[in-house]
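Let me begin by presenting the structure, written as structure tokens, before commenting on it.
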Amino acid sequence: MDHSTLKGFPEGFFWGASTSAYQVEGAWDEDGKGLSVQDTKELIPGTPDFKVSSDHYHHWKEDVALFAEMGLKMYRFSIAWTRIIPDGDGEVNRAGIAFYRNLLEELRKYHIEPLVTMYHFDLPDALQKKGGWSNRSTIDAFVRFANVLFEEFGDLVTYWLTINEENMMILHGKAIGTTLQEGEEAWRDLYQQNHHMLLAQARVMKLCHEKCPQAKIGPAPNISEVYAETCNPKDVLASQTFSAIRNWLYLDVAVYGRYNAIASGYLREKGYYPQVEEGDWETLKGANPDFIAFNYYNTSTVAACREGESNVSARVGDQQVSVGEEGLYRGASNPHLYRTEFGWEVDPIGFRNTLDMVASRYGLPIIITENGLGARDTVEEDGSIHDPYRIDYLRKHLEQAELAIADGVDLIGYCPWSAIDLISTHQGFGKRYGFIYVNREDDDLKDLKRLKKDSFYWYQNVIRTNGKEL
Ligand code: BGP
């Protein structure tokens with residue numbers, strides 16, 4: 001809809017930025033930290049390990065000062081489970097607690113609201129060796145870990161996120177490290193893992209409300225509008241099916257405590273429906289999230305399968321991962337969108353569509369926890385970094401966010417990916433997302449110096465003007 005006037009961004013809007021522990025911290029085995037699945041997984045050839053990452057563990061003070069200079073009102077980061085409980089369910093590591101307390105106090109010093117993800121792709125390897133999320137006892141381990149977080153940091157954290165991109169961990173289990181298997185057995189197992197994560201999430205949300213009544217907690221999946229390639233009803237059906245499997249399976253459980261009907265039909269048809277134990281539905285219904293957080297990079301476009309062809313990526317354009325299912329949907333390209341140098345489609349209006357859709361379905365406040373452009377940056381001789389392509393991407397998405405607010409979406413925060421350069425999940429350090437450049441390459445750690453990109457100054461002004469100047 002067109003709006004005669006825009007409301008602008010609300011007072012107190014959380015202008016933020018995001019990172020995750022294993023992609024930014026480094027210090028992979030320091031101060032008692034245990035190994036996570038990210039430390040032990042087989043690396044994609046040509047990509048670096050996560051031993052040093054951006055070395056934030058040793059630069060956190062300097063980094064937070066830069067976040068404050070940029071004007072951040074919120075910083076979304078994750079706590080490494082393996083720093084707090086190195087083997088996942090044993091002794092608590094005081095050095096890990098101290099690191100995050102210091103970080104949180106530093107953020108508070110600058111009036112930056114922390115938004116803490118409890119688990120971002122880095123399951124303790126010791127738990128993985130016992131079956132990881134396939135093993136129901138991992139639910140108890142996660143609840144225990146969350147309990148430690150509420151007790152140790154409850155005085156410093158108001159906004160919590162449970163699990164980052166659970167849907168991507170299921171749909172791209174091999175790339176993210178959730179599974180090593182392939183084929184039907186892998187899918188059956190992944191949907192059982194999913195059920196366990198959903199239960200773990202629900203129990204942690206309930207625990208949060210009991211232990212920290214002033215706190216707010218939400219899920220953090222990756223959500224995107226799924227377009228039908230044409231208005232052929234068969235293509236529309238395919239897009240609805242894929243959206244149920246990709247989006248609503250996760251959010252419907254998080255908010256309503258029930259499996260989405262179409263996703264259930266799919267799971268039953270394929271023989272992937274998980275084992276549900278007595279009391280599970282009650283547990284799922286007890287979650288009651290306070291807000292929805294989601295990551296948004298792009299949309300998907302699908303069509304009905306034709307002659308058995310099938311290829312669609314849940315993150316369309318990401319050439320490394322491509323899935324599709326015969327009899328359900330196949331990938332289609334969208335002629336209205338352009339792609340980044342890494343092949344990701346860019347769809348700012350799709351962002352508004354997705355915001356509108358999530359707001360209409362769930363009626364909860366929304367925080368965007370990731371959105372951004374991965375690109376190769378060049379440092380000029382004088383140390384400046386001109387990244388107009390990143391500014392352009394973010395500006396276009398913020399314009400759409402403002403329109404979504406006018407549409408009626410209760411958007412309370414925007415945390416683009418990423419606050420500072422870090423390692424991509426599977427495409428190395430050269431694929432940069434940050435407002436702050438970190439001087440290292442994939443195979444050369446250099447001096448890890450921090451440099452402000454043009455986008456740093458641009459975002460600083462956006463925040464200063466509360467989004468009036470984009
Ligand atoms: C999301 C993850 C992040 C981040 C981002 C960018 O899926 O939550 O951890 O990495 O995508 O993706 P990539 O690093 O693959 O470019």
Side-chain angles (χ1 to χ4, degrees), residues 16-26 36-39 41 43-44 46-50 53-54 56 75-81 115-123 161-178 197 218-224 246-247 250 293-300 313-323 339-346 351 354 367-377 389-390 393-394 397 414-435 438 442:
S18 286
T19 63
S20 90
Y22 80 94
Q23 292 173 280
V24 78
E25 283 179 5
S36 83
V37 292
Q38 298 301 335
D39 299 312
K41 79 175 182 195
L43 292 171
I44 295 166
T47 60
D49 58 39
F50 298 97
S53 297
S54 307
H56 173 69
Y75 173 49
R76 181 238 180 177
F77 65 99
S78 77
I79 289 186
W81 188 340
L115 174 59
V116 178
T117 317
M118 298 176 169
Y119 164 45
H120 191 124
F121 299 165
D122 54 355
L123 189 74
L161 301 167
T162 50
I163 301 177
N164 178 68
E165 293 197 354
E166 180 174 332
N167 53 342
M168 294 300 117
M169 282 197 278
I170 300 306
L171 294 166
H172 301 303
K174 266 199 108 176
I176 300 178
T178 336
M197 280 192 245
N222 177 309
I223 299 298
S224 84
R246 187 207 185 285
N247 297 314
Y250 302 85
F294 71 86
N295 301 345
Y296 173 88
Y297 288 91
N298 41 36
T299 44
S300 315
S313 162
R315 300 197 310 184
V316 168
D318 198 341
Q319 306 301 334
Q320 306 255 350
V321 281
S322 116
V323 290
R339 286 173 184 256
T340 70
E341 63 178 303
F342 283 90
W344 286 28
E345 282 176 341
V346 178
F351 186 37
T354 305
I367 303 180
I368 294 304
T369 34
E370 289 182 32
N371 173 236
L373 177 77
R376 297 185 197 284
D377 294 326
Y389 36 83
R390 186 167 292 108
Y393 177 101
L394 295 170
H397 284 78
Y414 176 74
C415 300
W417 188 262
S418 51
I420 183 166
D421 283 348
L422 37 67
I423 305 191
S424 146
T425 51
H426 62 284
Q427 288 175 301
F429 213 92
K431 187 185 191 188
R432 296 171 185 271
Y433 283 88
F435 293 108
V438 175
D442 279 348

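Computed from heavy atoms alone, side chains included, the values below leave out hydrogens, waters and symmetry copies. Both counts, for ligands and for their atoms, begin at 1 and track the order of listing.
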Considering E165, H172, R432 one by one, which has a heavy atom nearer to atom 7 (O) of ligand 1 than any of the others?
E165
Just jot down the ligand 1 atoms closer than 4.0 angstrom to any heavy atom of H426, in number order.
15 (O)
Is any side-chain heavy atom of I368 less than 4.5 Å from a side-chain heavy atom of F351?
yes
Between I170 and Y250, is there a side-chain heavy-atom distance shorter than 4.5 Å?
yes
If we only count N/O pairs under 3.5 Å, is H120 in contact with ligand 1?
yes
Distance filter under 4.0 Å to N295 heavy atoms, resulting ligand 1 atoms:
8 (O)
Numbering the atoms of ligand 1 from 1, which are under 4.0 Å from a heavy atom of T425?
9 (O), 10 (O), 13 (P), 14 (O), 15 (O)
Checking S36, S20, S18 against H120 for side-chain contact (heavy atoms from CB on, under 4.5 Å), the one that qualifies is S20
Test side-chain hydrogen bond (donor to acceptor under 3.5 Å, both in side chains) on D377 and Y389; report intermediate values, then the result.
CA-CA 10 Å; D377 294 326; Y389 36 83; 2.6 Å; yes
I want to know if ligand 1 touches Y22 in the polar sense, i.e. an N/O pair below 3.5 angstrom.
no
For ligand 1, indicate whether the residue N164 contacts it via side chain, backbone, both or neither (heavy-atom separation under 4.0 Å).
side chain
Per-residue contact class, M168 against ligand 1 - non-hydrogen pairs under 4.0 Å:
neither
Pick out which of Y393, F435, Y433 makes a side-chain contact (heavy atoms from CB on, under 4.5 Å) with P416.
F435
Proximity of S20 to ligand 1 by residue part, where a heavy atom lies under 4.0 Å
neither
Member of T369, N295, N222, T117 meeting the side-chain hydrogen bond (donor to acceptor under 3.5 Å, both in side chains) criterion with N164:
N295
Can you say whether the rings of W344 and Y297 are parallel (under 30°), tilted (30 to 60°) or perpendicular (over 60°)?
perpendicular
As an exercise, identify every atom of ligand 1 less than 4.0 angstrom from a heavy atom of K431.
13 (P), 16 (O)
W417, F121, F342, W344: member with heavy atom nearest to atom 12 (O) of ligand 1
W344
List for me each residue that meets salt bridge (charged side-chain N to carboxylate O under 4.0 Å, His left out) alongside E166, sequence neighbours excluded, and say none if there are none.
none
